[in-house]
Structures are given as C-alpha cells and as structure tokens.
Amino acid sequence: MSSLLVPAILFFALGMFACLIKSDLKFPPDMHKMIVIYLLVGIGLHGGRAFINSPIGDALPAVFAAFGFGIGLPIIAYIILRGVGRINPLDSAAIAAHYGSVSAGTYMTAVAMLNSMNVTYEAYPVIMLAIMESPAIMIGLVLAGYSRKIMGGAKKGEKGMMGHLVREAFTNGSILLLFLSMGIGYVVSEPSYHKIEPFFEGIFMGVLCLFLADMGMEAGKRISEFKKVGVFLVCFGVVMPIIGACFGMLVGHYYLQYSVGGVTLVTVLAASCSYIAVPPAMRLAIPEANPSFYLTLSLGVTFPFNIVIGVPTYYAIAQYLAGQG
Amino acid sequence: MSSLLVPAILFFALGMFACLIKSDLKFPPDMHKMIVIYLLVGIGLHGGRAFINSPIGDALPAVFAAFGFGIGLPIIAYIILRGVGRINPLDSAAIAAHYGSVSAGTYMTAVAMLNSMNVTYEAYPVIMLAIMESPAIMIGLVLAGYSRKIMGGAKKGEKGMMGHLVREAFTNGSILLLFLSMGIGYVVSEPSYHKIEPFFEGIFMGVLCLFLADMGMEAGKRISEFKKVGVFLVCFGVVMPIIGACFGMLVGHYYLQYSVGGVTLVTVLAASCSYIAVPPAMRLAIPEANPSFYLTLSLGVTFPFNIVIGVPTYYAIAQYLAGQG
Amino acid sequence: MSSLLVPAILFFALGMFACLIKSDLKFPPDMHKMIVIYLLVGIGLHGGRAFINSPIGDALPAVFAAFGFGIGLPIIAYIILRGVGRINPLDSAAIAAHYGSVSAGTYMTAVAMLNSMNVTYEAYPVIMLAIMESPAIMIGLVLAGYSRKIMGGAKKGEKGMMGHLVREAFTNGSILLLFLSMGIGYVVSEPSYHKIEPFFEGIFMGVLCLFLADMGMEAGKRISEFKKVGVFLVCFGVVMPIIGACFGMLVGHYYLQYSVGGVTLVTVLAASCSYIAVPPAMRLAIPEANPSFYLTLSLGVTFPFNIVIGVPTYYAIAQYLAGQG
Amino acid sequence: MSSDVLIPLKRIEIVVDEDSVEKLLDLLHAANVRGYTVIKHAGGLGSRGERRPDDYALQERNALVILACDEKQAERIVTALRTRLKEFGGMCLVSDCNWVVGASGSY
Amino acid sequence: MSSDVLIPLKRIEIVVDEDSVEKLLDLLHAANVRGYTVIKHAGGLGSRGERRPDDYALQERNALVILACDEKQAERIVTALRTRLKEFGGMCLVSDCNWVVGASGSY
Amino acid sequence: MSSDVLIPLKRIEIVVDEDSVEKLLDLLHAANVRGYTVIKHAGGLGSRGERRPDDYALQERNALVILACDEKQAERIVTALRTRLKEFGGMCLVSDCNWVVGASGSY
Ligand SMILES: Nc1ncnc2c1ncn2[C@@H]1O[C@H](COP(=O)(O)O)[C@@H](O)[C@H]1O
Ligand SMILES: Nc1ncnc2c1ncn2[C@@H]1O[C@H](COP(=O)(O)O)[C@@H](O)[C@H]1O
Ligand SMILES: Nc1ncnc2c1ncn2[C@@H]1O[C@H](COP(=O)(O)O)[C@@H](O)[C@H]1O
Ligand code: NA
Ligand code: NA
Ligand code: NA
C-alpha cells in the first residue's frame, strides 16, 4: 500500500482526478513533448552509464527476451482478440502490435517505486525498453498483411509501405533518442557526466511527476470512450497485461535470473503497452483500423491498470519468487 | 533597500524595463503556462510538507482569516469603487472580486525575500493562498447579482451560470493543482520526497526569476493602458492593496499571532489581487464588464506596486509590530 | 580526441545524425526558444558573478577587442566575398555582418569543454559575447549602404530604416537579456545567488546538451541546401572562421594576454558567427539578400565546423602558444 | 474549366468559441457531413467584444470550421446550426465554390 | 435558402505581417467594423519572398484576417486599406458571401 | 467598387497533410505561382477519418493553403494538382474573388 504513495503514482492520480471532476486543468501540448524528450534522454544516459560496470556480453539474454516479448506477445494478443473477442482482423492486428511494445511511462514509474524503496536492479532492462518497440511494429505489419489476406483484399502499394515502415521502426525519433543517449552515457568521461548529472538525474524524478500528472489527465479523458470500445476490449486491456506479466515474471526470474528489482522491471516491460512509437506507426500501416480502439486500450485501460495495480503487484510477486529461491 | 536586490524582484524589473524600451524580448506563451504549473505544484508540495510538523487543527484560524479576507475585501472594494469612483456597477463588481483573491506571484516573491534573509514563517499562509480564490469568485457573483438588480435588468439564464461558476470556483485547474499538490506533499514518505526535492525545491527560486521576468513584461505592456483606465482606477490599484495590507497586518499580528515572516505573508495575501483564476471567472460571470479594467489594475498597477514597494514595506512594518510585542 | 567526447558535442552529433538518417525526431519550436532564454540568462548571471572578483577597469581591453572584431571581421569577409567569390554586393554585406558577431552556442560548447577539463578562464570574454552583436549589425548596415551606392540604386526610406536598426541593435531581446542578467548577477548578494544557483548553474550543462541536439538537427537540415549555396560559399564558411580564429588567437594571447582558457574563448568569439540577433536584423535591413545564403553558412557550415573541429583545435593551439610563453 | 473537373458546391465557414467546437462537430456529424477542416487558436471581434488567444490572463479562443458540401446538405446544416449559433458564440457564412475532382470525394 | 435566412454580404480576406496586425485592427476599428476573425502564425509567399513561421532563425509570420460586412462598409475598408497595404506587407481579397441569420449580427 | 480597384481572380483553397505541404509548395513553385498563404496545425475530417492536431498520441495535422491567381494560372494549378491530390491527402476548392489593387501584385 505504501508503495502506492510514491509521488509519481500520486501525481498520476491527481491528473486522473482533475479530469474526472471535469476540471479545466490542462498542460500545454508542447510541455508533454518536451517532457518526453527530456525523460527519454535521461533514461538513455542513465542506462548507458549502468552499462559501464556491466559486461555488455551479459546483455544478450536480455536482447533475446526483448525480441521474444516483442514478437510473442502480439501473436498471443491477436489470437485472443480474433478467437475470443471476434474483433475485426485489422483492428486486432493494430491492437496486438501495441502489446508487443512497452510503455516508457510505466517503466519509469516502476523505477521510481524501486528507487524510493532503495531496491537495486540490473542494467539490462533499459536496453529491452529501447529494443522492444521495433519488433512490435514489424509484427504488427505481418499481422496486418495476414489479416488483409484472410479478408481477401490486398491493399495496393503495400510494398512501398512496408519499406517505409521498416525504416520508421528504426528511425523513430523516440527510439533513436533513447538509443543514442544510451551510447552517449556509455562513452562520456566521469567528470563530464557529473556536469550534466544534476539536469538528467537530479531533477528526473520530479519531472516524471509532471509527466504522470499529464498522463493521468489523458487516461481520464479516455475513460469516457469505454462505451464506444465495448466490454470485451476493456477486459482485454486488463487481462492482456496480466498475461504479459506472467511471461515477464517467468522470463525475468528463471531465464534471466535477475534480482527482485530486475524481475519487476522485466515484468513491467512485458505487461505494458506502447503509446509513443507504435500508435503513429499503426495509423500509417493499418489506416483501416479504428485508432480510438488501440488508444483507449493503451492510454485508458492498460496504462492506469499497470500504474495503480500492476506495478506494486508485480513487485510483490517478484519478492515472493525471490523468496522461493 | 538591499531587500530589493532579491533576484526575483530584479528579474521583474528586467522584464518591465525590456518592455518599456520596446525591446522585442518575448517569452513563448506556453513557457508562461508551464512555469505557472511548475510553481503551483512546487508551492503546494512545499506547503504540504510544512504541515507535517504543524498541527492541522491550528490551521483553523488561518482558514477563518482567509474567508474573512475573501469576502470582506471585495465588499470594501465595491463600496469604494461605487461610492468614491462612481464606477459602473458591473465593472465595480468584477474589479472588487479580484481584490478578495490573491496573487501567487506576489506571495512567492515575498517567500523568496524572506528566504534570502533567512526569515522563518508559519506553514498556514499557504493554505490561505489556496483557499482565498474561491470565496472571492463567489462574492463577485453576489455583487454582480446585486449590481444587476439595482440596474434593473436581470440577465436571464443566470441561475445556470451560478451553478457553473460555483463548480468553476472549486474545479479551477490552478486551485486544484495547488490543493492536490499540498495533499501529495503531506502524504509522501520522506525518502520519496527527497527524490523529487531537487526539481520542486532546488530549482524553484531560479524558475521563479523567469516567471517574474515574464510578469514584468506583461506589467510593462499594461502601463500603456493606464489612460484608458483613468486616474481614479489607477489610484484605486495602489490604495486598495494598502487597505488590504492594513487588515492583513492586524489579522496576522493580533488575531493569528504569527511571527514576522508569517505576518508579512498574511499581509501580502490580503494586499494582493488575483490574475490567474478570477479573471476568466469574471469574464464568464460578468461579460458586460470591461476586462481591460480589471486586468490593467491587477497586472499593471497592483502587482508591480506590491512587488517593488509593497513586499519590502510590509516586512518592515511586520518587524516594527513584532518589536512592539 | 577525448575532448570531443564532451556530452555537449556528442548531443550535437546526435541531432545531426538523427537529421541525416531522416528520423522524425523534432523538438517543439517553443522548446528551442525557451532553452535559448534560459541559456542567455544563465551565461549572463554567471558572467556577472565573475566580475565581482575581476576589476571592471580591466575589461576595457576586452571591450576594444570586441569592437575591433565586430567591425574588422565583417570588412575582411566582405572583401573576400566580393573580391574572390564575386558574390552579389548585398548578399556579401548580409553574410559579412554575421561573421562580425558571435555564436552563443559555440561559446557555451567551448565553456563546457573547458569546464570538463577543469581549465579556468577569464571573466571578460563573456562581456565580449554581449557586445559583439551590436557593432556587427551596424557594420552590416554600412556595407549595405555602400553596396547600394555602387549598385546605383539607393533604397528610399532607408534613413528611417537606419534609426530603426540602430534601436534594434541595442534593444534586441537576446542581447538585452544577456546584458541585464549580467547586471543582476553582479549586484545580487551571495546568499540570494545561492538560492537561484541550482537552476541557472546546476542544470546549465544538461540543458546545453538539449540545445545542441536541437542545433545539430537544424545544421543537418541545412546541409541539404549546400547545392543551392554553391561551392565557393561553403568553402568560405570554413575559411572565414579560420581567419577569424587567427585574429582571435593573436589578440587573445598577445594583446589581452589571457590564460589558455581565455585565449580559447576569445578565439571562439572571433571564429564564430551569429544565428540569433543578426539574421533577423539583416532580413529587415537588406531584404534583397537571400536569407538561405547567410543562414546556411551560419547554421549549416560554420557552426558545425566550429563545434566539431574548431573548438578542440583552438584549445590545442592556445595551449601551444602558452607553452611558447 | 470543364464541369468534369469542377463540381459546384457550397462553402460554409463557421466561427465558434473553441470550447464549443466539439459540440459543433457533433452537430455536423449528426448532419452526416463527410468532410470539414478545423483551425483552432483564432482570435476575433464580435458581439461579445474582442477575443485574444495570446492574452496573458484570459486567452479566449475561437475555432474556424470550413466545409464544402452540396446545396442540400448546406441547407440542412444551416437549419440545424441557426438556432444554436448563439449558444456556440460566433457566425456562419455561406458562399459558392467548386470542388476539384480528384481528391477522394469527401463532401 | 430564403432571404430571411441568408443576408448577402462581402467577405474580405486580408493577409499582413503579424507585426502589423495591431495597426490593421486599429484601421478596422476606425472604420467601425463590428466583427472579424484573426488567424496568426501563417506563412506564405509574396513579393518579399517566402515567410516561414517555423523557421529556426527567422520566424517570419503572417496573420490572416477574415471579415464579413455589408457592401458599403467593404468599400470604406478597401479604400482605407489600399494605400497602407504596402506598409503592412500583404494582400486583400474581396468576395461574395451570405451571413446566416441567427448569430448576433456582428457585421 | 470600380475595376481599377478590384481585379477579378480565382481563389484556390487546398487542404493537405502537413507532411505533404512541402511537396505541394514545390508543385506550386513549378507552376510559377507568385503568392500563397499557408496555415498549419489544422485538423479535419475526410475520407481517411478524423485528424486531430491536439491528440495526445497521434497528432495528425493538415495544412491549409490559400492562393489568389488569374484564371489561366488557376487552370494550370488545378490540372497539375488533380492527379496528386490523393497522394497528398486532401481537397481543393476553387472560387471567385477580387484582388484589391495596392498590394504589390504577387498573384
Ligand atoms: N462580421 C464578422 N466577420 C468575421 N468574423 C466574425 C464576425 N462577427 C463575429 N466574428 C467571429 O465570431 C466570433 C464570435 O462572435 P460573437 O459571438 O459575436 O462575439 C468573433 O470573436 C469573431 O472571431
Ligand atoms: N497571390 C497570393 N495569394 C495568397 N496569399 C498571398 C498572395 N500574395 C501574397 N500573399 C500573402 O501575403 C504575404 C505578404 O506578401 P508580400 O507583402 O507581397 O510579401 C505573403 O507572405 C502571403 O502570405
Ligand atoms: N468536404 C470537405 N470540406 C472541408 N475540408 C475537407 C473536406 N473533405 C476533406 N477535407 C479536409 O481534407 C483533409 C484530408 O482529407 P482526406 O484525405 O479525404 O482524409 C481532411 O482532414 C479535412 O481537413
Ligand atoms: Na509489452
Ligand atoms: Na487580496
Ligand atoms: Na565572429
């Protein structure tokens, strides 16, 4: 319970509350973009620094796990959406792709919680964070192609689109910022890093609070669209992160053999879904899919679920698993 | 004098100077909004923290004082505007409402000055800051209703408006942000708070400087509208804060019995007038009133008067009163 | 080489790389403006503080040097552009004016590099930074007048323009911000300054990184315009800073007799060219000149050249000169 | 230009409070409109005085909605809109225009 | 649509430098204009070359002013504006439109 | 108003994806257009569904290009644009207008 009193989570609640009581509280749109840029660079630098003391070779299993999640989870999601929910194939493909990817906001909230309890964690989950967006976009494309085939009508000009999106998956601004900042964090000298630390680390957790307040308002706004989305999809938005979390827990504990903190983070990566790089990619790749489905699920259901219930629960289970040995 | 050399006040002068020599210096509008959001959260958190060591029960007299100021000062202002200035009733009501409320910028400047002189102050004035906006909006509505009655023409649909504005008085984004941040500051654990302190406290005074530079430019712009507003109103914009300050001083020293710092802050609250929550509320409630009247008074006269002359004077008098015992 | 691994320079490379691989990475335009405002105030305050311990009288030679650069370098540039490149007279005048001025971004990168190597430097170069913009704009006007005369057609209404631009040269927002912040830094008391130091100094180097990432993207964008600008001008954009650097080195070492750090900064001032105050002034003063010429040179050629090659080289030569005694 | 290139339509231009724009769009959706363009952050002068989006304290904003549709549709929209225009705060202009065939026919 | 729903007016569309927009509005106020809509942050091409509001270094901006008024008012505005348009930098277009009755008549 | 004050021209109004606006302007430059005005950050509804510039996650934006030119020029532009409008995503309207003489003649 006290783990819920982490400022980041409280600010998320603040934003959601302000939205639900229909306050006119609103952050300027550019503020959101600036904060995202800042946070991505901050995570990247911090991650890059952590690698200095962690043999890079040991990152390989984490990379494998990231690809596994990025490819496996969307396929599971697609099967559930099609098989159980009878959701339209292209909508299913677009939604599924989101669940292969990760939510940087959820990840940072988990980090904030671990930090506030002084729990340590491995350096590798952050690289998974950077990697998982790309395979998720790819598998989204594959699922869309498959969907179009079973629906009978191939979209023309799709091949050009494919190339375009493969490029996009690797040149997406957010992913790039994260990767390159990681590189910079890795190569700069200690005294140089100390000069930029007050900005990128010192005030990081505070900025994260404003970010989550903004996310809270956005999540609150999306709740009004639950009706349009339907009961099945809202349930899916809660069940799918639980399924992802199970895989994350198993992979983190048994395959990667991380500490409690590391397992929590891996679980968060598997359980969360993207709202930064994947939505615009899917809008472009599957224009027939209804964006309000995947955005409502991602921002209005899965994100709040993870922040409020998921993260503390994943941590508790990770502790239990560690206790089991 | 040296108390004028507080950076915050100097940056206010910088902004005003830049505007008066017609420099093209201009801050982006979103920058202003972002800084206000940051500052409100910062004051709130800090205020909430202060309560941990101050019994909440002792806040009751401060709450009473806040309501007293919020209701009493607009009535005094309205009587002066109508009786002495023969200002149109609806304009009078709109202007009066502003003087029941407070200026967060003036409050923070006073805090900056006290901090730079290492003067301590009570935890309660910040709760008055959060409370005073709402009664001021209410009393503005009542005065407007009274004005319309004496003018003979009741505005139709006013009842719906009333409900709308009562809601607005409590869901206004700025007030909400301040209140909820205060709550968060109160409940988070010490180590959690330490993680966000560098952002919300460490850089607070620096950000305040940029805020005041921006306010200075705005105040400078308003000076060109003095002619439209007329001599009486410009004088009112100086006299009214002095009247408010007298009440503030008496209430702070004799009723609340605060320290020199606390009395200074209570005086600032009584002497200052709103430019955040009240103007849009009055625009909606009294569309017939001329906004350039109340905005010029609030931003162009009373705010600069308080920053440059008021705050240091209030502090000097508070010291004198304390010396009297 | 290791001096290139300064975070500021790496972030510049990050931005340029992102642009060259056509990533969709983009900072909001207001973010750029806000960062510039913050950095100018930060340099100003820091510069003003430095003066407290440096007798102001000793600044005079630096002021002379600033005027010398501001007037001399544009004349040299104009002669080269006209004589060697046969560039149109008005374009030549507009381009030349830029090289009399300085690039605050290059200056700050040099400061970051010196700081990261714990090299000290004099307080005076920052005052040169503030001064050099104005004479450069003036001389640009003079050159434009001369050009118009040799081209035979005087622009009418030019006299009003002249007054307008002289005003502009002194009321330009960026120059004003720098100068007034310097004044504030000079007058505020030590404890007051300590309250704002975490914002204006603590996080300065980190914010500079984001600024340079943005500059990198802008420089990358301009590279695609090299063809329009032509081989001669691109070469000029590399040669002119080298010429400026030679003068800077000589003046810094023999006339001003500064330390290695100081000589490096003076060299950077002479070698760099403006992209903040001069471009809009030239656009107004010489509307016939093609802005894409001077902007491509300033942002796309000279700035990257100075950041990546210039600054480390100037430092190395300054060290060599100091070794020579 | 020949009539297989240009289709004569009505051009409707509506200015409302930015806060009312969602309600206006709902009204347009209800009228089965197939296309419109929205520009926000506009200022203006009208019966309620000046509205300035850049103002420091008030920040009142208008939104401009432009839509091309056939005559019948236009009549339906105007009828639906007329009574509510006061509530939205603003104005509505109708003029003639020609739609260039080639774009997907979202009118 | 019948004439009690639509009032024929002139639609004037002016583009000027954003820096000159205050002066333009003063001119319109002086001509007793009762309504207009202003859109800022526009870019464009004209006799002075391209103007780009998003440019990194120059940030030149235009403002677009749209106003509906009766024929006589339009004539007055055009006459007043013509001589000063060069100073403001920009252009002015006049066309026909119909004002939908129902909005408060701010034309 | 007399004909030495007003020159009858065509007014072309184009809405495209903001990402395509550079390509559209290139097309206009190729057609020797001498003036246009661009407004970015517009939203809208069309054949591809709604586009909202303020959306939290997607931020799809349209740009509105307004240009005044003579009939011949208009025909050239419409011909060049028609085939590419689908690629740009958007619409094009043509109507009549009058250019107020006095501004430098950038049409
Ligand atoms: N005659 C007009 N021409 C152009 N825009 C107008 C006109 N009248 C009103 N408007 C616009 O409609 C908005 C609201 O008008 P109102 O509700 O009358 O205050 C104004 O702020 C203007 O942007
Ligand atoms: N023919 C035209 N069509 C549309 N807008 C124009 C036209 N000519 C000029 N403009 C606009 O007016 C602004 C100023 O024009 P100018 O003063 O001629 O440079 C340009 O930047 C355009 O936004
Ligand atoms: N009938 C219309 N009236 C006004 N704008 C339209 C219309 N149809 C399409 N648009 C605009 O053109 C954009 C792209 O249209 P589309 O490519 O059909 O999705 C839309 O987002 C609207 O802004
Ligand atoms: Na996931
Ligand atoms: Na007050
Ligand atoms: Na120089």
Side-chain angles (χ1 to χ4, degrees), chain D residues 10-18 20 24 27 37-55 59-67 69-98, chain E residues 1-16 18-19 21-22 24-43 53 61-71 73-74 77 93-107:
Chain D
K10 288 289 172 189
R11 180 181 183 278
I12 302 184
E13 197 168 10
I14 306 168
V15 177
V16 294
D17 269 1
E18 207 178 278
S20 306
L24 170 64
L27 186 153
T37 298
V38 183
I39 297 166
K40 293 194 174 181
H41 303 276
L45 172 74
S47 55
R48 286 167 307 156
E50 267 194 272
R51 300 170 59 79
R52 297 174 167 269
D54 297 341
D55 190 78
Q59 290 164 353
E60 296 174 294
R61 290 172 170 168
N62 294 327
L64 172 68
V65 176
I66 298 166
L67 80 97
C69 60
D70 59 32
E71 175 115 33
K72 251 185 167 163
Q73 180 71 284
E75 220 157 316
R76 227 170 319 156
I77 293 171
V78 166
T79 312
L81 192 60
R82 279 189 62 188
T83 52
R84 299 197 54 195
L85 212 43
K86 259 216 172 114
E87 165 197 343
F88 294 157
M91 63 144 201
C92 174
L93 303 178
V94 180
S95 56
D96 293 314
C97 72
N98 295 284
Chain E
M1 279 172 272
S2 63
S3 68
D4 59 322
V5 178
L6 297 181
I7 300 172
L9 293 178
K10 289 288 173 189
R11 179 181 184 279
I12 302 185
E13 196 169 10
I14 307 167
V15 177
V16 295
E18 207 177 277
D19 294 335
V21 84
E22 288 300 323
L24 170 64
L25 298 186
D26 286 346
L27 187 152
L28 295 180
H29 282 283
N32 276 321
V33 157
R34 292 173 57 199
Y36 53 73
T37 298
V38 183
I39 296 165
K40 293 194 173 182
H41 303 275
R61 289 170 171 172
N62 294 328
L64 173 67
V65 176
I66 299 166
L67 81 98
C69 59
D70 60 34
E71 177 116 33
Q73 180 71 283
I77 294 171
L93 303 179
V94 180
S95 57
D96 293 315
C97 73
N98 295 285
W99 176 279
V100 173
V101 175
S104 36
S106 52
Y107 54 85

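Please read all numbers here as calculations on a predicted model, not as lab measurements. Numbers restart at 1 for each chain; the letters A, B, ... are given by sequence-line order, proteins then strands. Basis for what follows: all heavy atoms, side chains included, without hydrogens, waters or symmetry-related copies.
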Would you please name every residue forming a ring-ring contact (aromatic ring centres under 6.0 Å, His included) with F88(D), sequence neighbours left out?
none
Roughly how far, to the nearest 0.5 Å, is CG of D96(D) from SG of C97(E)?
10.5 Å
In terms of heavy-atom proximity below 4.5 Å to chain D, should I66(E) be classed as side chain, backbone, both, or neither?
side chain
What pair of heavy atoms forms the shortest contact from S47(D) to S106(E), and how long is it?
N-CB, 3.6 Å
Checking side-chain contact (heavy atoms from CB on, under 4.5 Å) for the pair I39(D)/I39(E): CA distance, chi angles, key distance, verdict?
CA-CA 8 Å; I39(D) 297 166; I39(E) 296 165; 4.2 Å; yes
Rounded at 0.5 Å granularity, tell me how far CG in N98(E) sits from NZ in K10(D).
7.0 Å
Sequence neighbours left out, what pairs pass salt bridge (Lys or Arg N to Asp or Glu O under 4.0 Å) with at least one residue falling in residues 30-41 of chain E?
D54(D)-K40(E)
Measuring heavy-atom distances to chain E, does E50(D) have an atom under 4.5 Å in its side chain, in its backbone, in both, or in neither?
side chain
Between L81(D) and V100(E), is the side-chain contact (heavy atoms from CB on, under 4.5 Å) condition met? List the steps.
CA-CA 9 Å; L81(D) 192 60; V100(E) 173; over 6 Å; no
Contact winner vs chain D - V38(E), L28(E), V33(E), heavy-atom pairs under 4.5 Å
V38(E)
Would you mind checking which part of R11(D) comes under 4.5 Å of any heavy atom in chain E, side chain (CB onward), backbone (N, CA, C, O), both or neither?
side chain
Working note: V5(E) + E75(D), criterion side-chain contact (heavy atoms from CB on, under 4.5 Å); need CA distance, chi angles, decisive distance, verdict.
CA-CA 10 Å; V5(E) 178; E75(D) 220 157 316; over 6 Å; no
Answer key: most heavy-atom pairs under 4.5 Å with chain E among E13(D), R51(D), H41(D) is E13(D)
Give, as side chain, backbone, both or neither, the part of I14(D) having an atom under 4.5 angstrom from any heavy atom of chain E.
neither
Toward chain E, the part of R48(D) with a non-hydrogen atom under 4.5 Å:
neither
Shortest non-hydrogen contact from A42(D) toward T37(E)
CB-CG2, 4.2 Å
